[in-house]
Amino acid sequence: MVIIGQLLELSEKINVIIAAKNMDKGVTRGKIGLKSGVLMSFNERTPDDPVKLLKIKMAAKEILGTDVN
Amino acid sequence: MVLGIVILSATFYFFAIQIEAANVNSVTLDGIHAAKKSFYDLEQNDIRTLKASLTGFVTNQQYKDIYNTNDRNALYNATSDLYGQYKTLGITQFSFIGTDSHTFLRMAKPSYFGERVTRTSFITAQKTHDWGTGLDLDATAFALRVVHPYYNGNTVIGYVEYGEEINDFIRTIKQETGNDYGIVIKKQFIDPTQWATIRRTAGLANNYDDLPDYVVVDSTTGDVSDFKTYGFTEKDLDTVTDEGNIFSRFSNGRSDYVSGGFALYDGSGAKLGAVVVIENVTPMEAAARQTNLDVLIVVILATVIIGAVMVIFVNRIIIRPLDRIVEETTRVAGGDFDTKIDVQSDDEIGTLAEMIDGFRQIVMNMSKELEENQQKKE
């Protein structure tokens, strides 16, 4: 069974943190993408992938300095 | 860049100091050569002057007639005014020597007569029946002498000698160059008893034992006893060359000096010792140091300016375009495909930007195709 929406949801949580920290959205997302090895381009149809989710969370923690759950 | 400036400056200064020392030695050596030339030029000039004066005297029949009377007092009285005039010109020695090689009258000390003359200038005149000239060292004075036979018709009736002490030489050269000079003679040419008498008569301490093998007979530095401290060794004197060479570099008080010298010969060609030259190189060193400092400042300023220009150039041509490529590539990785990687340059950086922008478009198209495929599946 495929779970839809988790990657987009995580992506939006990251956007909120970036905005709260007043960081450059494009560059910060790009850093997370390069760190995790995942292209940070998601929409509502992007299939969820637990491995990608974990990699993005770890990269986001490192780049943003905070846990994203 | 700072490290580069420090290394460059240190390297420059090291070589500048080496060059400065070489220049100082070179200038001093030139000074020694010039002093030697002046010394021997003075000798030749003074020989000509002495000869001219002596020629005038030995052709004067009036004096010759008095000499022929063999009356020492009459000769002294007749020539004392002339001798007084000579002394004002530096001609301090005026002697009549008999054909038996003994002094008949010595104008400087009329009571001293009858001593046997063995000086080279006299021997030469005696042998050649013509001029005998040159530097002679006898027991009492080191002097430039000219001797000429005293003719009565074709018969030699004696010899007349004019001489000047050569301390005037080194003082004249000092006036020309500002350097100090000393005449240092091997002991074998000096009678210690008579030297002691000369020094005592002049009211000076006997310096005969100051050095083991040499005696400083004259100097321009005050008392000759002081001169032995002026940066030379007896080994320097033993090995001094005819053309002149540097001895050493030394300090005295707050001044730096370079010593050197050239060999000194008497009229017979015997090497008597050396003329020692002492040059105060403090002003020369100070000028060289100032020049080095000026050049060093120019080098540092030039390095800073060139370095700054290079930093600006590298930043504008390489760093800033690369930063833009990195930033825009990062945005693409963040899902922002609309940011065109736009770096306009005709070099490798421009090529790299163009290539990465091509990848941006490929990723953007792949993402759209993937999205369209997902829409179709649904």
Side-chain angles (χ1 to χ4, degrees), chain A, chain B residues 1 310-378:
Chain A
M1 180 186 154
V2 177
I3 304 167
I4 307 279
Q6 283 188 340
L7 281 170
L8 180 61
E9 186 185 350
L10 179 63
S11 171
E12 285 174 354
K13 284 179 180 173
I14 287 171
N15 288 346
V16 171
I17 294 170
I18 288 171
K21 287 181 178 277
N22 204 22
M23 298 165 87
D24 185 312
K25 182 184 169 188
V27 172
T28 309
R29 284 175 59 86
K31 285 180 180 174
I32 294 169
L34 289 171
K35 191 82 187 169
S36 63
V38 177
L39 182 63
M40 295 287 286
S41 175
F42 310 114
N43 56 38
E44 59 276 9
R45 284 179 292 280
T46 305
D48 287 349
D49 182 331
V51 175
K52 284 184 181 175
L53 270 173
L54 184 63
K55 283 181 177 177
I56 292 170
K57 282 182 179 176
M58 287 172 67
K61 184 179 181 182
E62 193 172 327
I63 302 295
L64 300 173
T66 183
D67 283 323
V68 185
N69 290 308
Chain B
M1 186 169 144
M310 284 183 68
V311 164
I312 292 167
F313 177 79
V314 168
N315 190 47
R316 182 164 294 180
I317 304 297
I318 299 171
I319 305 295
R320 273 160 59 180
L322 279 177
D323 279 347
R324 281 179 61 194
I325 290 171
V326 168
E327 183 186 325
E328 289 164 7
T329 307
T330 305
R331 287 183 190 280
V332 172
D336 179 1
F337 302 127
D338 297 330
T339 305
K340 186 174 182 342
I341 299 168
D342 186 20
V343 173
Q344 300 292 334
S345 65
D346 295 329
D347 55 12
E348 286 76 3
I349 303 280
T351 306
L352 177 67
E354 203 176 310
M355 194 181 76
I356 289 175
D357 195 58
F359 275 109
R360 176 187 68 82
Q361 291 177 43
I362 290 169
V363 172
M364 184 172 68
N365 292 336
M366 281 175 65
S367 181
K368 280 180 183 172
E369 283 171 19
L370 188 65
E371 198 174 325
E372 284 166 8
N373 287 340
Q374 282 174 345
Q375 281 178 347
K376 284 176 188 170
K377 280 181 187 174
E378 288 170 13

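For the pair B/D336/A/K25, no side-chain contact is recorded, criterion being any heavy-atom separation below 4.5 Å from C-beta on.
Heavy atoms of other residues, nucleotides or ligands lying less than 6.0 angstrom from CD of B/Q361 number more than 12.
Across every non-hydrogen atom of A/S41 and B/G335, the tightest pair is CB-CA, 4.1 Å. Among all heavy-atom pairs drawn from B/R331 and A/D24, the shortest one is NH2-OD2, 2.7 Å.
Atoms CG and CZ, from B/N373 and A/R45 in turn, are 11.5 Å apart once rounded to the nearest 0.5 Å.
Looking at A/I32, there are no atoms closer than 4.5 Å to chain B (heavy atoms on both sides), in backbone or side chain. If you measure heavy-atom distances from B/V363 to chain A, the contacts under 4.5 Å come from the side chain alone.
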